[in-house]
Amino acid sequence: MDSREVAKFWEANADAWTRLARLGIDVFRDALNSPAFFSMLPPVHGLEGLDVGCGEGANTRHLARLGAKMMAVDIAPTFVRNAQAAEAADPLGVDYRIADGMALPFAGGSFDFVTAFMSLMDMPDPVRALHEASRVLRPGGFLQFSILHPCFTPPHRKVVRDAGGRARAIEIGGYFESTEGRVDTWWFSTLKPDERKQVEPFRTPIFHRTLSEWFDIVIGAGLLIDKIGEPTAGVGSVHEDAVVDDTRVAPLSLHIRATKRAPRARGKVLA
Ligand SMILES: C[S@@+](CC[C@H](N)C(=O)[O-])C[C@H]1O[C@@H](n2cnc3c(N)ncnc32)[C@H](O)[C@@H]1O
């Protein structure tokens with residue numbers, strides 16, 4: 001599956017996704033994943049940033065409110081239009097454009113930092129996507145991204161629950177099988193059964209890679225890993241939404257921050 005096909009799936013999801021996310025239905029993002037991401041993020045005030053796979057733009061807007069000058073791209077035109085509408089209603093200076101994260105329309109060294117919230121595992125060629133993110137960074141700039149956790153969301157995942165319905169374990173399988181655009185069909189987990197009858201499920205193509213493949217991809221793009229995060233609701237905590245509560249047992253997402261290496265001085269001999 002190539003980017004054009006991937007874009008069709010996301011385009012079909014975009015309006016319902018925007019509406020539901022803005023109603024607060026994306027509880028995993030809002031209650032756990034994004035707060036954990038932002039608590040790991042270095043200060044961005046005064047920096048120029050690019051958000052890749054911005055969707056309807058909630059996380060981009062948060063970056064702008066933290067004082068960053070933001071550019072944002074998404075491959076689905078409807079997501080970009082919806083993000084632009086939010087910008088028009090409440091201007092934060094964000095420039096949203098339609099673009100493929102695997103072929104960014106920006107000159108090398110254009111940004112101080114790049115973010116990608118839950119979008120890189122949706123791209124057919126993460127090697128290209130990471131090289132593109134690295135290319136548009138200034139030396140010393142950083143990339144911070146979140147993806148579905150490769151160890152706990154491989155092709156087979158089943159949450160094993162106790163009699164009360166709480167997660168006890170995660171059954172996984174197919175870890176070493178790359179998926180080349182396997183289409184998952186799902187709703188936001190907090191959408192009630194009667195509401196599901198009124199909303200088409202999302203259909204999202206996923207490109208699973210193992211943990212070591214992801215590390216190799218980051219390192220191969222000329223980036224040095226600085227920090228890794230695995231958001232959890234916390235052992236012993238109780239959260240009313242299962243998608244958050246389940247992360248007591250194992251994380252659903254993986255966060256990585258990595259810095260673009262400065263070019264080595266010519267002729268310099270390293271000890
Ligand atoms: C799970 S959504 C996340 C949206 C947003 N970052 C958020 O956190 O709310 C994944 C996003 O990646 C976008 N996407 C998928 N493939 C892309 C590509 N090749 N280039 C740019 N965006 C892409 C989708 O259109 C979608 O908006």
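Each ligand, and each atom within it, is numbered from 1 in the order the structure gives. For this chain, numbers begin at 1 and follow the sequence in order.
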If we count only N and O atoms by modelled type, under 3.5 Å, do the side chains of [X] and [Y] hold a donor and an acceptor together?
| X | Y | result |
| --- | --- | --- |
| Ser34 | Asn59 | yes |
| His208 | Glu177 | no |
| Thr190 | Asp241 | no |
| Glu11 | Thr78 | yes |

Protein heavy atom at shortest distance from [atom]:
| atom | answer |
| --- | --- |
| atom 17 (C) of ligand 1 | Ile75 CG2, 3.6 Å |
| atom 12 (O) of ligand 1 | Ser119 CB, 3.4 Å |
| atom 4 (C) of ligand 1 | Gly53 O, 3.6 Å |
| atom 1 (C) of ligand 1 | Met118 O, 3.2 Å |
| atom 27 (O) of ligand 1 | Asp74 OD2, 2.6 Å |
| atom 20 (N) of ligand 1 | Gly101 N, 2.8 Å |
| atom 9 (O) of ligand 1 | Arg29 NH1, 3.0 Å |
| atom 3 (C) of ligand 1 | Phe117 O, 3.6 Å |

Short N/O distance, under 3.5 Å, between [X] and ligand 1?
| X | result |
| --- | --- |
| Trp17 | no |
| Trp10 | no |
| Asn59 | yes |

Within less than 4.0 angstrom of ligand 1, does [X] place any heavy atom?
| X | answer |
| --- | --- |
| Cys54 | yes |
| Met102 | no |
| Ala116 | no |

Q | Neighbour count above 12 (heavy atom, 6.0 Å) for Glu200 CD | A |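 Not more than 12 within 6.0 Å, no.
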
**Q.** Whether over 12 other heavy atoms sit under 6.0 Å from Arg203 CZ
**A.**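 Not buried by this count: 12 neighbours or fewer within 6.0 Å.
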
**Q.** Structural part of Ala14 in contact with ligand 1, heavy atom criterion under 4.0 angstrom
**A.**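 Contact part for Ala14 vs ligand 1: neither.
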
**Q.** Atoms in ligand 1 with a heavy atom of Asp100 nearer than 4.0 Å
**A.** 18 (C), 19 (N), 20 (N)

(Q) Please list, in number order, the atoms of ligand 1 under 4.0 Å from a heavy atom of Ala99. (A) 20 (N), 21 (C)

(Q) Whether Arg61 and Glu87 form a salt bridge (side-chain N of Lys/Arg under 4.0 Å from carboxylate O of Asp/Glu) is what I want to check. (A) no

Q: May I ask you to check whether Phe38 and Phe117 place their ring centres under 6.0 Å from each other?
A: yes

Q. Would you say the ring centroid of Phe188 lies under 6.0 angstrom from that of Phe202?
A.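 Yes, they do, as the ring centres are separated by less than 6.0 Å.
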
Q.
Less than 4.5 Å apart, side chain to side chain, heavy atoms only: is that true for Leu223 and Leu137?
A.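 They are in contact (side-chain heavy atoms under 4.5 Å apart), so the answer is yes.
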
Q. Name the one of His239, Arg161, Arg168 that satisfies side-chain hydrogen bond (donor to acceptor under 3.5 Å, both in side chains) with Asp246?
A.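 Answer after filtering His239, Arg161, Arg168: Arg161.
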
